[in-house]
Amino acid sequence: MHAPRYISVPSCPLRLRPIGADDEEEWNEVRWRNDEWLRPWEAGDPMHGAAPSYNQWMQQQRRNAQEGRGMVFVMEYQMRIVGQISLGAIDLGSMRTGVVGYWVDRRYAGRGFAPMAVSLLADWAFADPSGPRLHRLEIALLPENERSRSVARKVGCHYEGIRRKYMFVNGRWRDHETYSLLAEDRDGGFADRLMAARLTSRHAKTQSVQS
């Protein structure tokens, strides 16, 4: 698994790129400005206390990427960081699976950035030569997280049910709804399909206004 310079598709204003040491100042500003917005959904490790420093976190991300265990990308719009998406818990054995997590700056919520980021990541993870060539991606979300559920549905994820006490979130073990994407679902590309659906929707709205 190699870090691509960017993950993007033509005519899409959003792109993904691997997070780096030079992103520290901007990433910290965006992430901590959104702390209250993100705190209800924030997963943590109950065995390791306080969160690591940015430098420690980056060292861990580099090890994960080198060992093929995961990678973190920033969502970039007009040269600004507007969110983050990660691919972790990668199993390259008989399962070839990984877990996707994401968040978006509250200032940019509602613009469709999260579904597009998931679509771009899925295309890379399933089919790009630089990616891990997985067969399955999983998204786990809290049952009350309507925004995240909407993301999974827009991308075309399959609902798989409830996993009890699946993840440690905001100080306690929580049940999660789980959704999956398979390589067989790609059918030409998740990002291209999502872009086409948006163009169709915009055209339909324009026609409705004109009539």
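Since the model is a prediction, treat every value here as computed from it, not as a measurement. We count residues from 1, following the sequence as given.
Looking at heavy atoms from C-beta onward, S148 lies out of side-chain contact with Y179 at the 4.5 angstrom threshold. V82 has its side chain out of reach of V30: every pair of non-hydrogen atoms, C-beta onward, lies at least 4.5 Å apart.
Pairs passing the side chain to side chain donor-acceptor pair (under 3.5 Å) check and including a residue from residues 84-95, sequence neighbours excluded, read W27-Q84.
Within 6.0 Å of atom CZ in R111, more than 12 heavy atoms from other residues, nucleotides or ligands are found, so the atom counts as buried in its surroundings. At most 12 heavy atoms of other shown residues, nucleotides or ligands fall within 6.0 angstrom of atom CD in E36.
Aromatic ring pairs are classed by plane angle as parallel below 30°, tilted from 30° to 60° and perpendicular above 60°; the pair Y77 and Y108 is perpendicular.
Side-chain contact annotation: T178 with Y166, donor-acceptor N/O pair under 3.5 Å absent. Using modelled atom types and a 3.5 Å distance limit, the side chains of W124 and S130 yield a donor-acceptor pair. There is no side-chain donor-acceptor pair under 3.5 Å between E138 and S180.
For E25, there are no salt bridge (charged side-chain N to carboxylate O under 4.0 Å, His left out) partners, not counting sequence neighbours. In this view, E29 and R33 satisfy the side-chain contact (heavy atoms from CB on, under 4.5 Å) rule, not counting sequence neighbours. Looking at residues two or more places apart in sequence or on another chain, you find a side-chain contact (heavy atoms from CB on, under 4.5 Å) between Q59 and N55, R62, R63. Annotation: side-chain contact (heavy atoms from CB on, under 4.5 Å) contacts of P52 (sequence neighbours excluded): Q56, W57.
In the hydrophobic clustering of this structure, V72 does not group with I139; members are Ile, Leu, Val, Met, Phe, Trp, Tyr whose side-chain heavy atoms approach within less than 4.5 Å, directly or through other members. Cluster annotation: V155 is not connected to W103 through the hydrophobic network of ILVMFWY side chains, with a link wherever side-chain heavy atoms come within less than 4.5 Å.
Listed for the R198 side chain is a donor-acceptor partner under 3.5 Å among the backbone atoms of G112.
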*Might you work through the salt bridge (charged side-chain N to carboxylate O under 4.0 Å, His left out) test for R136 and E160, ending with a clear yes or no?*
CA-CA 13 Å; R136 180 181 185 276; E160 295 189 333; 2.4 Å; yes
*Between H135 and E184, does a side-chain contact (heavy atoms from CB on, under 4.5 Å) hold up when you go through it step by step?*
CA-CA 8 Å; H135 177 253; E184 291 90 340; 2.9 Å; yes
_Pair R174, E144 - check salt bridge (charged side-chain N to carboxylate O under 4.0 Å, His left out), show working._
CA-CA 11 Å; R174 297 292 309 276; E144 65 269 28; 3.0 Å; yes
*R69 vs Q60, side-chain contact (heavy atoms from CB on, under 4.5 Å): CA-CA, chis, key distance, verdict*: CA-CA 10 Å; R69 292 188 290 155; Q60 182 61 59; 3.4 Å; yes
_Quick one, D175 with R163, criterion side-chain contact (heavy atoms from CB on, under 4.5 Å). Give me CA distance, side-chain angles, the key distance, then yes/no._
CA-CA 6 Å; D175 296 350; R163 290 193 177 184; over 6 Å; no
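The pair R39-E42 fails the salt-bridge criterion, with no side-chain N (NZ, NE, NH1 or NH2) lying under 4.0 Å from an Asp/Glu carboxylate O.
When all heavy atoms of W37 and V104 are compared, the closest pair comes out as NE1-O, 3.1 Å.
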Atom pairs and distances, side-chain donor-acceptor, residues 6-21, under 3.5 Å, sequence neighbours left out:
{"unit_1": "Y6", "atom_1": "OH", "unit_2": "R15", "atom_2": "NH2", "d": "3.2"}
{"unit_1": "R15", "atom_1": "NE", "unit_2": "E76", "atom_2": "OE1", "d": "2.8"}
{"unit_1": "R15", "atom_1": "NH2", "unit_2": "E76", "atom_2": "OE1", "d": "3.0"}
{"unit_1": "R17", "atom_1": "NE", "unit_2": "E76", "atom_2": "OE2", "d": "2.7"}
{"unit_1": "R17", "atom_1": "NH1", "unit_2": "D23", "atom_2": "OD1", "d": "3.3"}
{"unit_1": "R17", "atom_1": "NH1", "unit_2": "D23", "atom_2": "OD2", "d": "2.9"}
{"unit_1": "R17", "atom_1": "NH2", "unit_2": "D23", "atom_2": "OD1", "d": "2.7"}
{"unit_1": "R17", "atom_1": "NH2", "unit_2": "E76", "atom_2": "OE2", "d": "3.4"}

